[in-house]
Colleague: 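Here it is, the structure in full.
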Number of protein chains: 2
Amino acid sequence: MPDTMPDKEAKRRMDALLKEIAERVGPANVLVGDDVTARRVDWLTGSPCRAAAIVRPATTAELAAVMRACHAARQPVVTHGGLTGLVHGAEAAPDELVISLERMNAIEALDPVGGTLTAQAGVPLQRVQEAAEEIGLQFPVDLGARGSCTIGGNIATNAGGIRVIRYGMMRQQVLGLEAVLADGRVVGSMNHMLKNNAGFDLKQMFIGSEGTLGIVTRAVLRLQPATPDVQTALVACPDFTALTGLLGHMGRELGGSLAAFEAMWQSHYRLLTETSGRHLPPLAPSAPFYVIVESLGCAPDSHAELFARALEGALDQGLVVDAVLAQSDTQRQGLWAIREDIEGLIQALAPLFTFDVSLPIPAMEDYVAEVEAAIHHTWPEGRVVAFGHLGDGNLHLSVGVGSADPEVRRAVETAVYAPLSPLGGSISAEHGIGLEKRDFLSLSRNAEEIALMRTLKQALDPLDLLNRHKVLPPGAA
Amino acid sequence: MPDTMPDKEAKRRMDALLKEIAERVGPANVLVGDDVTARRVDWLTGSPCRAAAIVRPATTAELAAVMRACHAARQPVVTHGGLTGLVHGAEAAPDELVISLERMNAIEALDPVGGTLTAQAGVPLQRVQEAAEEIGLQFPVDLGARGSCTIGGNIATNAGGIRVIRYGMMRQQVLGLEAVLADGRVVGSMNHMLKNNAGFDLKQMFIGSEGTLGIVTRAVLRLQPATPDVQTALVACPDFTALTGLLGHMGRELGGSLAAFEAMWQSHYRLLTETSGRHLPPLAPSAPFYVIVESLGCAPDSHAELFARALEGALDQGLVVDAVLAQSDTQRQGLWAIREDIEGLIQALAPLFTFDVSLPIPAMEDYVAEVEAAIHHTWPEGRVVAFGHLGDGNLHLSVGVGSADPEVRRAVETAVYAPLSPLGGSISAEHGIGLEKRDFLSLSRNAEEIALMRTLKQALDPLDLLNRHKVLPPGAA
């Protein structure tokens, strides 16, 4: 094992391996020294990459050769995509190699008839979105990191975002997939069809397993019809029952074109408008809940009318006590700017801890109150700010208690995560587990499930070479 | 092994096992003798069940106990749902036990706020649809066998049907899942959220693996907003380019409310109207392609107008040369009756072979022509009739060559399946593999994929107790 071997012998072996790999990918594509540490592995902390080297294969065949060499040498690797993850999934130890898919960045095919796009793993999400638009279609997964995050990373982490209520997560967009296993075998089908029940759907294993079972190299993605007409409103709800009633009402009235239902607790809305002065409040900040409701349609007139009528109905029924409808794209962006102002949250609450959890929608009000009570019990001056993709069961919590010490973090994590377990909630809605949440995995998954995850890991990567230490908590193999 | 043991010893062991099982589930729920053979395992052939016994657990705990006993005795089992499969997936050998989930037929919970329904595996699909309707929502998976097929079977086979283009297959409707493994362990999370990235998404392994990796016992299903307004038209297309152009056009114009795009080659439409006289042809049967286009909306007026305008645009652009719009539910049913008249096909072509394949949409015209040419080369009087869910890449072919002999079947299967391989097509779009297609699996999946499927099977069911012989072709373990 590299980490217990005498240093000199370990170095000799690593040098020999890197030489072999350089023969496969070219010496310019094995980065070492400053070229490694100049890279940040972590969007949040900006920590430098500590890996022994960064390897940049240009093709699936090159990557397969690299993994065969690593497998023979028992060399663990960490895969890098766009490095926009939030759970330390890209961290690498000094005795690990990083595999970066940055050179596998071609869009290989576009089929406007079948509505598919074939991309290599290193293509940024935004390029896929733009390529789809150019042929009059859309790729509906969207998230703030669109310019940097890659399709391979989106798949490996089963990315979510702001369109899930209508289009589903990344998993639902993947028709075909190719991956390289720990031993260098290339597996997968570049399927183009919506229906394919020919044997086990192996690609599902690689989606959302954060690179621990295989390295995603290429994918066939499903595109959707474009929806050029966007209707957006910010509304205020008088209580939680009205908030959930509004979700059902808008779903019914919009017949499936509802695309975003983003709730903000008063704590969030007031902080980013009145308290911080960062945004003019489009509605008075006195209601307990605010929601950005967005619908995507194709026929501007009828869609606008449908949306306006649905909003009127919500006002008539008392589900909504105040509302503002965006009359232009600028106004729309102004509404979303409140919801997406992470910088404002950081400024107001720093040092803060951010969380990404999911739970059954009816339980959300009590859950947030319970977390607030637990925080205030220990830190009377602590702040809890709640917002999120309510329609997806997904809440983002920001907690500031005046300290970012590790033991404080642990206590806050426990306050946020522990109440999820009896509710059937999840410690990770869309960000994944990585290193950050693995020790809490047992709050969301039972012992039999974690044992079965280990069985899968053992079956596909018996030497534990791929993203070692990530996702699964330490324990018996 | 039961099948190589002396009969007497085998019988003694089976009796002891059934006695143990009867203690778990009650003697009335271990059926033997005539109670077994009275059951049909196969909707197509009506073959009697040949299993040693049929075991009917009432709960997950009972099933787990049954599987622990079977595991200890190395006893293989076959799981039965609604018995509406089409690939002999429910066949059981005389030395196998059948596990029937017919008593696990409760709808356990309905959440109108979160839009979820929790069902046991034995609940028929139609009951789920009806329960969703009662709370103003819908469960969108729909297929002809809705009254008999069960949610467990729908999940195990990843059922498709006629709404896939809009709502996806069964896999996309499953939020939470519980399954019993071959050794009796109960695994799974009854997750209710659209977003949950807490570790590997284990349920995906059980969806579509046809009971070979575990026995599905309960599921949390996602419900969708109701879409009470249905717009349906039958149109005639002048050529294949117009047909695929129409698919894109309707997708764009309907902005995602397009729910069915069911194509009929002239061979199909003419046979069931003019030739057989079974249906009055709503449009003259002289065009090469016909399509049932259906859209689901919520606001009757605006949705009807949207649909009519989309159809007019298709006529203006020459994508459609003739069209009829259903003016009532009776007219709608009349249009669908042509598409769904399987009995008419059987009468006209018997003995016939039916196929369920998928392939990239742009390749469909040439593929059907190639199959026709191959059939006519060997059987000049042979008939090939093509129709299917074109929007899903899914074609159903019916082939009649005047014989149903096994060697003729094999030759026809080869004519239908072999051209799929170079196209990246699938030998099974939605029916699964079962026993019927396993020997052709290598046409749709490569050697590395089949090896990986075996790895999974070995990891989850090392004694090969669950649906033995199904899905995977015989070969090295």
Side-chain angles (χ1 to χ4, degrees), chain A residues 113-114 136 158 160 164 168-169 172 185-187 189-190 192-202 204 208-209 225-227 244 248 251-253 255-256 297-299 302 305-306 358 360-362 392-394 424 426-430 432-433 441 444-445 448-449 452-453 455-456 459 471, chain B residues 112-114 136 158 160 164 168-169 172 185-187 189-190 192-202 204 208-209 225-227 244 251-253 255-256 297-299 302 305-306 358 360-362 392-394 424 426-430 432-433 441 444-445 448-449 452-453 455-456 459 471:
Chain A
V113 174
N158 188 28
V164 170
M169 297 184 76
Q172 294 196 14
R185 274 183 295 162
V186 180
V187 294
S189 288
M190 295 298 276
H192 281 68
M193 293 84 71
L194 293 189
K195 290 179 174 170
N196 185 349
N197 275 343
F200 305 167
D201 192 358
L202 298 171
Q204 304 298 341
S209 54
T227 47
T244 59
R252 276 192 302 279
E253 296 297 310
C298 57
S302 63
E305 194 189 312
L306 187 72
S358 61
I361 298 168
D392 311 332
N394 184 185
S426 173
I427 60 166
S428 178
E430 56 183 0
I433 298 297
L441 189 62
S444 289
R445 309 298 291 266
E448 289 74 17
E449 290 180 287
L452 186 54
M453 291 182 205
T455 299
L456 274 183
V471 184
Chain B
V113 174
N158 187 27
V164 171
M169 297 185 75
Q172 295 195 13
R185 273 182 296 160
V186 180
V187 294
S189 287
M190 296 298 276
H192 281 67
M193 293 83 72
L194 293 188
K195 289 180 176 170
N196 185 347
N197 276 344
F200 305 169
D201 191 359
L202 299 170
Q204 304 298 341
S209 54
T227 47
T244 58
R252 273 191 303 278
E253 296 297 309
C298 57
S302 63
E305 194 190 312
L306 188 72
S358 61
I361 299 169
D392 310 332
N394 184 187
S426 172
I427 60 167
S428 179
E430 56 183 0
I433 298 296
L441 189 62
S444 290
R445 308 298 292 266
E448 288 76 16
E449 289 181 287
L452 186 52
M453 291 182 205
T455 299
L456 273 183
V471 183

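Values below: every heavy atom of this structure, side chains too, minus hydrogens, waters and symmetry copies. Residue numbers start from 1 in every chain, and the chains themselves are labelled A, B, ... in the order their sequence lines are given, proteins ahead of strands.
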Colleague: In terms of heavy-atom proximity below 4.5 Å to chain A, should B:I433 be classed as side chain, backbone, both, or neither?
Modeller: both
Colleague: Could you check which of B:P362, B:A299, B:G136 has the highest count of heavy-atom pairs closer than 4.5 Å to chain A?
Modeller: B:P362
Colleague: So what's closer than 4.5 Å to chain A heavy atoms on B:E253: side chain, backbone, both or neither?
Modeller: backbone
Colleague: For A:T227, is it the side chain, the backbone, both or neither that has a heavy atom under 4.5 Å from a heavy atom of chain B?
Modeller: side chain
Colleague: Calculate, to the nearest 0.5 Å, the distance between atoms CZ and CG belonging to B:F200 and A:N158 respectively.
Modeller: 13.5 Å
Colleague: Using non-hydrogen atoms and a 4.5 Å limit, figure out which bit of B:V113 sits close to chain A: side chain, backbone, both or neither.
Modeller: both
Colleague: Could you have a look at A:V471, A:V186, A:V164 and say which one has the most heavy-atom pairs with chain B under 4.5 angstrom?
Modeller: A:V164
Colleague: Name the member of A:M190, A:E430, A:R252, A:H192 that forms the most heavy-atom pairs with chain B at distances under 4.5 Å.
Modeller: A:E430
Colleague: For the candidates A:G432, A:G199, A:P225, which exhibits the highest count of non-hydrogen atom pairs separated by less than 4.5 Å from chain B?
Modeller: A:G199
Colleague: I'd like to know if the side chain of A:N196 and the backbone of B:S358 have a donor-acceptor N/O pair within less than 3.5 Å.
Modeller: no
Colleague: Among A:G168, A:G255, A:S428, A:G424, single out the residue with the greatest number of heavy-atom pairs under 4.5 Å to chain B.
Modeller: A:S428
Colleague: Once rounded to the nearest 0.5 Å, what's the spacing between atom OG1 of B:T455 and atom CZ of A:R185?
Modeller: 5.5 Å
Colleague: Check whether any side-chain heavy atom of B:M193 sits under 4.5 Å from a side-chain heavy atom of A:S426, and report yes or no.
Modeller: yes
Colleague: Report yes if some heavy atom in the side chain of A:M453 is under 4.5 Å from a heavy atom in the side chain of B:L202; otherwise report no.
Modeller: yes
Colleague: Do B:E449 and A:S189 have side-chain atoms, one donor and one acceptor, less than 3.5 Å apart?
Modeller: yes
Colleague: Nearest heavy-atom pair of B:L306 and A:C298: which atoms, and what distance?
Modeller: CD1-SG, 4.4 Å
Colleague: Between B:S302, B:G256, B:G251, B:G393, which has the largest tally of heavy atom pairs under 4.5 Å with chain A?
Modeller: B:G251
Colleague: What's the shortest heavy-atom distance between A:L194 and B:M169, and which atoms?
Modeller: O-SD, 3.5 Å
Colleague: Mind listing the closest non-hydrogen atom pair of B:G114 and A:I361 along with its distance?
Modeller: CA-CD1, 4.0 Å
